[in-house]
Every structure is written in C-alpha cells, then in structure tokens.
Amino acid sequence: MKKIINNPADVENEMIEGFVAAQKEKVKRLGNLNVILRKNLNPNKVALISGGGSGHEPAHFGYVGFGMLDCAVAGSIFTSPAALPVFKAIEEVKNKKGVLCIVKNYSGDVMTFETAIDMAKDEGINVEYVIVADDVATQNSEIGRRGVAGTIFVHKIAGALAETGADLKSVKEIAQRTIENVRSMGMAISPCTIPASGVASFELSEDEMEIGIGIHGEAGIKREKILNADEITKKILDEILNDLNYKNQEVAVMINGMGATPLMELLIVNNFVQKYLEKNEIKIYDTMIGNYMTSIEMSGFSITLLKLDEELKKYYDAAADTFALKK
C-alpha cells in the first residue's frame, strides 16, 4: 500500500484539521468531534445536516456553506458516525425553523441518524429527515437503492430553498421530490484501499471491470470483461433509463469520478452521455463533471441523472458557495 499519509489511525483527524485550516473563514470544527459547521449559522433558516463515513471526499464536509449544508458529520473511513456526534451536531445547529437531516440509504447511516434524531426529539428539537436512495444497481436488494452521488443534488436543491427562509415542511418536501427524481449507477476498473487495513477492497484482473459498485469499496453486482468507454457508459445509462422514465424531460447530469479517474476519461464518458441522451429524446439542462462523491482512490465513475421541473431548476441554479461546489 502506497499512500501519502502519516499514521493510518490519524487520517480522519488530520484530514479534517487540514480542511478547516483551508476554510477557516467559513467553517469550524465542533470541539474534537468530526463535525464541521458553517462558521456563521443563520438562525432564520432550516438547518441542513448530512454525513456518513469518511473516504468520499469532498462529500460531505466539502458541501458545508452558503446554499447547501450547515453541518456535516464524518465517521471513520467507510464507517457511519456514532449517534452521539450526530446528536451534538443537531443540538449545535438547532433553531426555531427546524433541522433537516439528509441521510444516505445505508443501514449504518440510517440507524445512526434515526437514533440521533430520536434523542433530539426527546429534547424538544424540531428535526426531520429524508433518505436518499438513487443507486439503481441495488434497487432489488433487501435495503433497496443505496444513497450515492445523487445525494449532492439533494444537498443543493434543499439547501437553496432553505436559504429563502422556507419552513421545514417545504424544505423536506423538495428534498423528497429531488430524491424521487434522481438515479445513479457506477463502475470501477480498480478497487480502493482503506489505510487502516492496507488491503484492496476487492480484486480485479487487468481485463476485468465491476459494474454497479458502491461508494464504500464494495464490489459491483456483476463482473465483466472490460469494454471501451462508450460500451461501458451505454450499459450504465440503460440501467438508469430503464428505472425511471426520462423521455422528453430536462435533466441535470453528473459524471462523478470515484477518486482516481482522470478528467480526460470522465470527459470521454460525457461525450457519449450527451449524444445518447439526445438520441433518446432527453434534454440536458446542465452537466457537472468531476469528483463529487468518491471512494478514496477507486478508479471508475458513476452517472447521475436528475429529472427537473421548473421549481427544481430554480433551486438547482441558485447561488451556492462551498469548498466543493460554487454557483
């Protein structure tokens, strides 16, 4: 294992310290917890919290800032945070407008946030949550679709509405509408390695690829001989388009790198996406390309499509000022 780190046990702490040092005018850390907050919280807006395991950077603390999240809670790499830090985060951001937690559909994340939310409600805090479930690779599994890169669209749109001073019910409703209209799927040509273990999350031969990978280093739902970029992209797009009807709709597209994929390759993927969606009578409203929700240094990509209506477009386009996304 080759990584540019110090002690594997200190990775999360040093990463967060480095992030806060780079954004010290805008964010702060809550004590010694892996909790990042907007420095100047607005008490007149619904507060948004998200989080999960580390290893997905820039998610989630990279989206703390104007127009998106008020707080992000990080666990150890690929491990859900404990309920107590999530509860402390809710306590810190609570206000008269309420708190909305945006949770990815993984059993650990859901259990952690539900426990913390129950604790907060026992204290009289007005808090609600939504569960993002956009990964079509696991739509038929016991837990259902996992929450993956589509989560960023939920942060963006719910965050924009919250900035207007809308009430908690309205912010939750638009977050849920975004979730219902977003789908994703990913692939990989190489795994990632958790620093603490030093072991690759799965093994692939030089001529193999994994289709339907997760963001926690999980192997995909099927392993195949590697194809060219257009063939791979078509496979993924077909799965997404078979799950939700996008025909004659406007969509926002996200071509998301998994951590080690060159921009060159993401642009080649996007070249096919643009042509294929046009061929299928789907209008592209906007395209985002880059690393938005990664899996440490996995080499691969995911595609996310968000079906837009006029209101979703309005808040998708609204101003945002965060480390990882600016509009």
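Computed from heavy atoms alone, side chains included, the values below leave out hydrogens, waters and symmetry copies. All residue numbers in this chain count up from 1 along the given sequence.
Using a 30° and 60° split on the angle between ring planes, Tyr63 and His155 fall in the tilted class, from 30° to 60°.
Lys3 and Glu297 are joined by a salt bridge, as a carboxylate oxygen and a charged side-chain nitrogen come within less than 4.0 angstrom of each other. Between Glu250 and Lys313 a salt bridge is recorded (basic side-chain N to carboxylate O distance below 4.0 Å). Salt bridge status for Asp134 with Arg183: absent, with no side-chain N to carboxylate O gap under 4.0 Å.
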Checklist entry - Should Lys222 and Glu210 be marked as a salt bridge (Lys or Arg N to Asp or Glu O under 4.0 Å) after you check the CA-CA gap, both sets of side-chain angles, and the distance that decides it? => result CA-CA 6 Å; Lys222 52 187 174 181; Glu210 288 279 338; over 6 Å; no
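Within 6.0 Å of CD on Glu208 lie more than 12 heavy atoms contributed by other residues, nucleotides or ligands. Counting heavy atoms of neighbouring residues, nucleotides and ligands inside a 6.0 Å radius, atom OH of Tyr316 exceeds 12 of them. Within 6.0 Å of NZ on Lys121 lie more than 12 heavy atoms contributed by other residues, nucleotides or ligands. For Lys97, the NZ atom counts as densely surrounded, since its 6.0 Å shell holds more than 12 non-hydrogen atoms of other residues, nucleotides or ligands. Residue Lys275 places its NZ atom among 12 or fewer non-hydrogen atoms of other residues, nucleotides or ligands, all under 6.0 Å distant.
Asn280 places no side-chain N or O within donor-acceptor distance of the main-chain N or O of Ile282, the cut-off being under 3.5 Å. Although no hydrogens or angles enter the test, the distance criterion places a donor-acceptor pair under 3.5 Å between the side chain of His56 and the main chain of Thr294. Ser54 contributes a side-chain N or O that, together with a main-chain N or O of Gly75, makes up a donor-acceptor pair within less than 3.5 Å.
In terms of hydrophobic clustering, with Ile, Leu, Val, Met, Phe, Trp and Tyr side chains grouped at heavy-atom distances under 4.5 Å, Val11 and Phe19 are assigned to different clusters. Taken together through direct or relayed side-chain contacts under 4.5 Å among Ile, Leu, Val, Met, Phe, Trp and Tyr, Met254 and Met293 form part of one hydrophobic cluster.
Side chains of Glu265 and Leu267 form no contact here, defined as non-hydrogen atoms less than 4.5 Å apart.
Here the straight-line distance linking atom NE2 of His216 with atom NZ of Lys104 works out to 5.5 Å at 0.5 Å rounding. The CG atom of Asp118 sits 12.0 Å away from the CD atom of Glu123 when rounded to the nearest 0.5 Å.
Here Asp321 pairs with Lys26, Lys326 under the salt bridge (charged side-chain N to carboxylate O under 4.0 Å, His left out) rule; sequence neighbours left out.
Of the candidates Asp230, Asp238, Asn271, Asp238 is the only one forming a side chain to side chain donor-acceptor pair (under 3.5 Å) with Tyr276.
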